[in-house]
Amino acid sequence: MAKGQESKLKPISRRLFRDSTLEIAPKLLGINLCRRLDDGTILTGRIVEAEAYTQDDPACHAYRGITPRSKIMYGPPGFAYVYFIYGMYHCLNVVTEADGTAGAVLIRALEFDGANGPGKLCRQWQIDKKMNGLDLLNSDSALWLSSGSLQIDETIDITPRIGLSVAQDKLWRFSIRGNKFVSKSSSKKQPR
DNA sequence: GGGCCGATTGTT
DNA sequence: ACAATCGGCCCG
């Protein structure tokens, strides 16, 4: 493999995950997500949209405590939390917060054709629950994070998260302003 | 075991 | 505005 490509795929440092979920979410913008498919093909795409979810947040799957599904979010940071939603889509998160505390950042869009939305991203990149718990800081994984950054002229939009019926007031969605891969928010939901 | 609902997406 | 489509979770 060429040297340039090797450095491009090197995992990011775990140091990032000493920060809180709300600090990490915007910092993930510009970082590359890498996926090694079963046939060895490697896909890479910059993260352009992400949302924060914390343990004390009613919209977080870990809000009601440890369950078989939320367990991974209570573990150490830097691992994948993949869940199944609406009977047909998977969504990918990066686990945050120290072991014993839950937190995650939902990866909502990549700079990659067909990956402009959390469900579409997992469909396009063949990400499903078998990848729940993968170490995202190890390039031997089928999925990992590698270094990348914002361009000098790129800025971050901070907006409400998408698709929630609770905690709609929190401005915990981060996206690269003007990036064409950022998902479109459709109809709003009513609080119950 | 039953029933409700969802961190989505695409069509009507 | 709504259908597709089914696992997770709460309740009893």
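Hydrogens, waters and symmetry mates are skipped; everything else that's a heavy atom, side chains included, is used. As the structure is a computational prediction, the values presented were derived from the model and not from experiment. Chain naming here is simple, since letters A, B, ... match the order of the sequence lines and numbering starts at 1 in each.
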Query - Smallest separation among heavy atoms of A:Asn132 and A:Ala80, with atom names - result: OD1-O, 3.4 Å
Report summary line: Note: contacts of residues 46-56 of chain A with DNA chain B (heavy atom, under 4.0 Å) are A:Tyr53
Report summary line: In 5'-to-3' order, the base (B), backbone-only (S) or no-contact (-) status of each nucleotide in nucleotides 5-12 of chain C, using a 4.0 angstrom heavy-atom cut-off, is BBSSSS--
Report task. Taking only heavy atoms on the protein side, list every residue of residues 110-126 of chain A lying under 4.0 Å from any atom of DNA chain B, sorted numerically. Result -> A:Gly117, A:Pro118, A:Gly119, A:Lys120, A:Arg123
Requested in this report: With sequence neighbours left out, write down each residue that passes side chain to side chain donor-acceptor pair (under 3.5 Å) with A:Ser70, or none if nothing qualifies.
Outcome: A:Thr67
Report task. Compute whether any side-chain donor of one residue and acceptor of the other, for A:Ser20 and A:Glu97, lie under 3.5 angstrom apart. Result -> no
Requested in this report: Give a yes or no on whether the backbone of A:Ala52 and the side-chain of A:Arg161 come within a donor-acceptor separation of less than 3.5 Å.
Outcome: yes
Query - Closest non-hydrogen atom pair between A:Arg173 and A:Ser183, with its separation - result: NH2-O, 3.3 Å
Query raised in the report: Looking at residues at least two apart in the chain, or sitting in another chain, which of them share a side chain to side chain donor-acceptor pair (under 3.5 Å) with A:Asp56?
Result: A:Thr54
Could you list the donor-acceptor pairs under 3.5 angstrom formed between side-chain atoms of residues 114-124 of chain A and any protein atom two or more places apart in sequence or on another chain?
unit_1: A:Asn116; atom_1: OD1; unit_2: A:Lys120; atom_2: NZ; d: 2.9
unit_1: A:Gln124; atom_1: NE2; unit_2: A:Asp113; atom_2: O; d: 3.2

Requested in this report: Can you sort out the partners of A:Asp19 under side chain to side chain donor-acceptor pair (under 3.5 Å), two or more places apart, ordered by chain and number?
Outcome: A:Lys27
Query raised in the report: DNA chain C in dot-bracket, Watson-Crick or G-U pairs under 3.5 Å, [ ] crossing, | other strand?
Result: ||||.||||||.
**Report entry** Whole-Å gap separating C1' (B:dT8) and CZ (A:Arg161)
**Finding:** 16 Å
Side-chain donor-acceptor contacts of residues 59-66 of chain A below 3.5 Å, not counting sequence neighbours, with atom names and distances?
unit_1: A:His61; atom_1: ND1; unit_2: A:Tyr81; atom_2: OH; d: 2.7

Query raised in the report: According to the ring pair (Phe, Tyr, Trp, His ring centres under 6.0 Å) rule, which pairs have a member within residues 118-159 of chain A, sequence neighbours left out?
Result: A:Phe112-A:Trp125
Report summary line: So ring pair (Phe, Tyr, Trp, His ring centres under 6.0 Å) across residues 160-184 of chain A, not counting sequence neighbours, yields none
Report task. Sorted by first residue and then second, give each ring pair (Phe, Tyr, Trp, His ring centres under 6.0 Å) pair with at least one member in residues 9-39 of chain A; sequence neighbours left out. Result -> none
**Report entry** Closest heavy-atom pair and its distance - A:Ser146, A:Cys34
**Finding:** OG-SG, 3.3 Å
Report task. Quote, to the nearest angstrom, the P distance that separates B:dC5 from C:dC2. Result -> 16 Å
